[in-house]
Amino acid sequence: MSDNDYYIVVVYPRLSSWLAGGECVNNVSQVCQKNRSFSSASASGGKPSLDNRQHLMELDEGELFMELIRDVANELDIDVLCHKILVNVGLLTHADRGSLFLAKGTPNNRYLVAKLFDVTQTTPLKDAVKKARSEEIVIPFGVGIAGMVAQTKEMINIKEAYKDARFNCEIDLKTGYKTNTILSMPICNYEGDIIGVAQIINKTDGSLEFDEHDVEIFRRYLTFCGIGIQNAQLFEMSVQEYRRNQILLNLARSIFEEQNNLECLVTKIMTEARVLLKCERCSVFLVDLDCCEASHLEKIIEKPNEVQRRLSRSRYSSDSLDDKQKTNNRFTVLFELGAANQSANISRPTGNDLSNSTLAQIAQFVATTGQTVNIADVREWVQEHNQITAENEIDCIKAILCMPIVNAQKRVIGVAQLINKTNGMPFTDCDASIFEAFAIFCGLGIHNTQMYENACKLMAKQKVALECLSYHATAPQDQTDRLVQDTIETAESYNLYSFKFIDFDLCDDDTCRAVVRMFLQCNLVQMFQIPYDVLCRWVLSVRKNYRPVKYHNWRHALNVAQTMFAMMKTGRMERFMKDLEIFGLLVACLCHDLDHRGTNNAFQTKTESPLAILYTTSTMEHHHFDQCVMILNSEGNNIFQALSPEDYRHVMKIVENAILSTDLAVYFKKRNAFLEVVESGEFDWQSEDKKDLLCGMMMTACDVSAIAKPWEVQHRVAKLVADEFFDQGDLEKLQLNTQPVAMMDRDRKDELPKMQVGFIDVICLPLYKVLCDTFPWITPLYEGTLENRRNWQDLAEKVEMGLTWIDHDTIDKPVEEFAACNDEEIKDIEFTVTTLNCHQQHSDDTSTPEHQRGISRLSIKKTGALGKAVKSKLTKTLYNSMDGSKPKTSLKLLETHASEDLEDKSPTSPSQPTGPAGSTGQMSASSSISSSCTTNSITDKNKKRSKLCALL
């Protein structure tokens, strides 16, 4: 038995049992080999040879049945297949002739169409097809014998046709043929749906009726024929679609040359349509062409098992389609092409522009209804539709042809509009038909363009993913086990409650233990049933996914999370937050800079990195969130695994919004709205929109909280930030050959103190001020920022004096801080001024050994550059350190000389005086002022380091 024979036996057990009754099964292969010519002759349109027909008639019933099944099994030409079915049925049942009807129409309007009619065993295929096409017979379901069979799906066997009221004798009257007996049977597909009706007439063996054996043979054969007909119909549809697409593709070949550029694509379509249809103007309104990053994120945070539920809910939703269409079909882009324009005028109309334009309202009507509108009299049509207002622009409009543009999902994505035929006549049905082809290809072209953009984004995302996977990995199991077994110290031991938390003394393992302590202290592990090993693995994985950049690394994430923890506990912000929101904010703080590369969003855009292609706004922040999701989806890292689907979506939304809020561009957008809420006196932070604003402000406050740390910490962190910025500036010079901005230009490092002051004034102080005014428990952040601003301002003033700070790893106590020590006696401070513009005779400084001279150098570039605090302190120092005979001269030297240099060639000691301290006979080339004027104290002074020299 062949494979096909085995398939028949398995799928159709009733037929197999019937065939097994004889010896035909063993002889099927031999029979088929002998009778191939029968199928070939029938398929070629001729009639089977007499020898083959005689041979088939000599076969027993089982062999004949198998041969006839094989004859139609692989036939895909619907005409040939139907002809074979009728001829073979005649052989099997000894019927004189037969007809085959195929079901057509919509579910509410079904009817039968005669595919082949009155076919005998000797009727050639060409004649049968020609006859059926010349006289198309259409029979509605429920009408006549065939119509009743199609409607009821039940066989009808009539012994005397003329005595049955359902029989129509018109065909007999035309042909002169008399119909006696009729056997009509439905043809169903594998789903049991009617696809046709087969009907045979009159017996040729002398019988007066079709007996039960004929009925059974007919039924079994049509079972296989139904499968063949359905396959042939599908093949015919595919062939027709292929031919149609070839015609349309040839028409639109030029259109698809620009499928990677939406503007060029739409312009070409409009130009071709305007020229071909001879119209004055052409417009295309497009709906929401954004790439839907928000919906992309919503899909990311949706659990897999929730997708089917969402689809089920949407399927049974009670919302009307019209309401959804009115909400979604707002035009965002308008292309207009006039007769004189060579390129389209592209604009983004506002809601007011659309509501005030009659053309836009007509396009909105078409987009909402999905109907094609061919308007011969625009004013009359507008009057008939009261919801559309008439404007002056329709005075010059005579005719409009407006048609919806749909994508592959049959969703309206735009509206194409033709205005005024050049001959002044209305648009015809032929115009509408041609324009429909342009609308179809416009939809396909726009869809392909969007798919191309999505493909580019997917490729970029793949590159990013591969890059990440090559660098990152989940935390090793041994590290997880070690952290699980470690003893977690108290929050007080890590100083987690303080806004002055310092991580410098913590080792890497202690940083992870501190994070675990935050979760334990907030009772999140028990409340949300987080497996302890999963929490430890997740913390280690997050740490591993931070790159070792100078500032935006794991320790920065730790500090941000600790500030959030302190705000919740010490700052009492937890009383405004739900436990799930605290959970999400802590996770967001730890993940807000995942996989940071040490470069900002602007650098990603300039270099056209894969990240910039993937995300057009908040580039790095979107990537941080994606990395957060990637870690959560990694095996053994999902700390949200015990949450309900609703809580899962909610906490992921919190994490997403919180991470995106760390983009300062987003912060500036939210700040104004937050200030309006605070100034209005509304302090109910439980509504969703206000809670989102509050969380966004808290995230920014935590992200920049290093500005409020103690000065030693703040200065050290600022050095790390500056180094990372300078590295990016160096990359911009090297890769882009461009000059970086000031804060990233290593050549302008001395301006950083001034920039820090500006950063505090623009971002930090306003934020902390409004937060501490509203929530007074977080005032330490505001006070720390104010203190550091004073320190940065002092350094900025020193830069104006010619000093630098960025060259030194540490900065000792600034000179200005001595001004605050009014009650303390200032000692051991030397200020040596070398006067270059002096008319007095200078004495040679040969008595001082060269190795005792200082190497520090002070240059005062211009008069008046000193800050008031510096002038006041230096003046005070000079007066307190000198005898009464010299203050005016020294002050004049300080304030009027164009250039004053201080040189101390000794690396460990200040400059030594070269002459008597009290000399008044002449002004020496080097004037030394000291709180201890005794020349015998040179040795002691060499052992002491001036704080000013340390600063230098």
Side-chain angles (χ1 to χ4, degrees), residues 491-492 494-504 514-515 518 521-522 551-552 555-577 581-582 585-586 588-590 592-593 658-659 661-664 666-668 670-672 674-675 677-679 683 685 690-691 693-718 720-721 755-793:
E492 291 80 4
Y494 293 118
N495 200 25
L496 294 178
Y497 290 113
S498 174
F499 288 107
K500 297 183 179 181
F501 168 82
I502 301 175
D503 70 290
F504 295 151
V515 171
M518 294 182 204
Q521 206 67 22
C522 293
Y551 175 68
H552 290 97
R555 289 183 176 267
H556 168 63
L558 169 66
N559 279 275
V560 174
Q562 184 277 329
T563 304
M564 180 65 73
F565 176 82
M567 291 179 71
M568 292 294 179
K569 297 296 184 180
T570 308
R572 305 183 185 181
M573 295 299 296
E574 62 182 352
R575 65 178 60 183
F576 303 100
M577 298 290 172
E581 294 166 343
I582 296 175
L585 288 174
L586 281 178
C589 288
L590 290 169
H592 82 283
D593 273 332
I659 292 179
S661 296
T662 58
D663 183 3
L664 288 181
V666 177
Y667 159 73
F668 284 119
K670 290 186 175 181
R671 184 181 66 177
N672 294 334
F674 183 77
L675 291 176
V677 173
V678 173
E679 292 173 357
F683 297 101
W685 300 103
K690 294 178 183 177
K691 181 66 69 65
L693 289 175
L694 178 59
C695 292
M697 295 299 104
M698 292 174 63
M699 285 298 298
T700 304
C702 294
D703 195 19
V704 300
S705 61
I707 204 71
K709 299 287 185 180
W711 170 244
E712 294 79 9
V713 178
Q714 158 57 194
H715 172 259
R716 182 172 173 181
V717 172
L720 296 175
V721 176
M755 296 178 191
Q756 283 289 96
V757 174
F759 176 73
I760 293 173
D761 291 342
V762 174
I763 296 176
C764 304
L765 278 182
L767 173 61
Y768 289 139
K769 176 63 175 174
V770 68
L771 284 177
C772 75
D773 288 345
T774 310
F775 311 102
W777 306 283
I778 60 174
T779 302
L781 290 174
Y782 178 68
E783 294 175 345
T785 305
L786 276 178
E787 178 64 23
N788 286 326
R789 187 196 182 282
R790 286 191 289 269
N791 293 328
W792 286 118
Q793 183 62 42

* Asked: Partners of Tyr551 by ring-ring contact (aromatic ring centres under 6.0 Å, His included), sequence neighbours excluded?
  -> His556
* Asked: Residues two or more places apart in sequence or in another chain: which of them pass ring-ring contact (aromatic ring centres under 6.0 Å, His included) with Tyr667?
  -> none
Below 4.5 Å, heavy atoms only, C-beta onward: do [X] and [Y] meet side chain to side chain?
X	Y	answer
Cys702	Met567	yes
Val515	Tyr494	no
Cys522	Lys569	yes
Lys500	Val713	no

Hey, could you give me the [atom1]/[atom2] distance between [X] and [Y], rounded to the nearest 0.5 Å?
X	Y	atom1	atom2	result
Cys772	Glu783	SG	CD	8.0 Å
Lys709	Ser498	NZ	OG	7.5 Å
Trp792	Ile707	CH2	CD1	7.0 Å
Glu574	Ile582	CD	CD1	5.5 Å
Met564	Leu590	CE	CG	10.0 Å
Lys691	Trp685	NZ	CH2	10.5 Å

* Hey, does the side chain of Asp703 reach the backbone of Met699 with a donor-acceptor pair shorter than 3.5 angstrom? -> no
* Side chain of Thr700, backbone of Gly696: donor and acceptor closer than 3.5 Å? -> yes
* Structure fact -> Checking Arg575, Met698, Met518 against Met568 for side chain to side chain contact (heavy atoms under 4.5 Å, CB included), the one that qualifies is Met698
* Asked: When Lys769 is tested against each of Leu767, Asp773, Leu765 for side chain to side chain contact (heavy atoms under 4.5 Å, CB included), which residue passes?
  -> Asp773
Minimum heavy-atom separation for [X] and [Y], please, with both atom names.
X	Y	answer
Ala701	Leu771	CB-CD1, 3.7 Å
Ala514	Leu558	CB-CD1, 4.5 Å
Asn495	Gln562	O-NE2, 3.9 Å
Phe759	Cys764	CE2-SG, 3.3 Å
Asp503	Phe501	CB-CE2, 3.9 Å
Pro766	Val762	CG-O, 3.6 Å

* For Cys695 and Glu581, run side chain to side chain contact (heavy atoms under 4.5 Å, CB included): C-alpha distance rounded to whole Å, both residues' side-chain angles, the deciding distance at 0.1 Å, then the answer. => CA-CA 9 Å; Cys695 292; Glu581 294 166 343; 5.5 Å; no
* Asked: Hey, what's the ring geometry for Phe576 with Phe775, parallel, tilted or perpendicular (30° and 60° as the breaks)?
  -> perpendicular
* To do: Would you check, one step at a time, whether the test ring-ring contact (aromatic ring centres under 6.0 Å, His included) holds for Tyr497 with Trp777?
  => CA-CA 12 Å; Tyr497 290 113; Trp777 306 283; over 10 Å; no
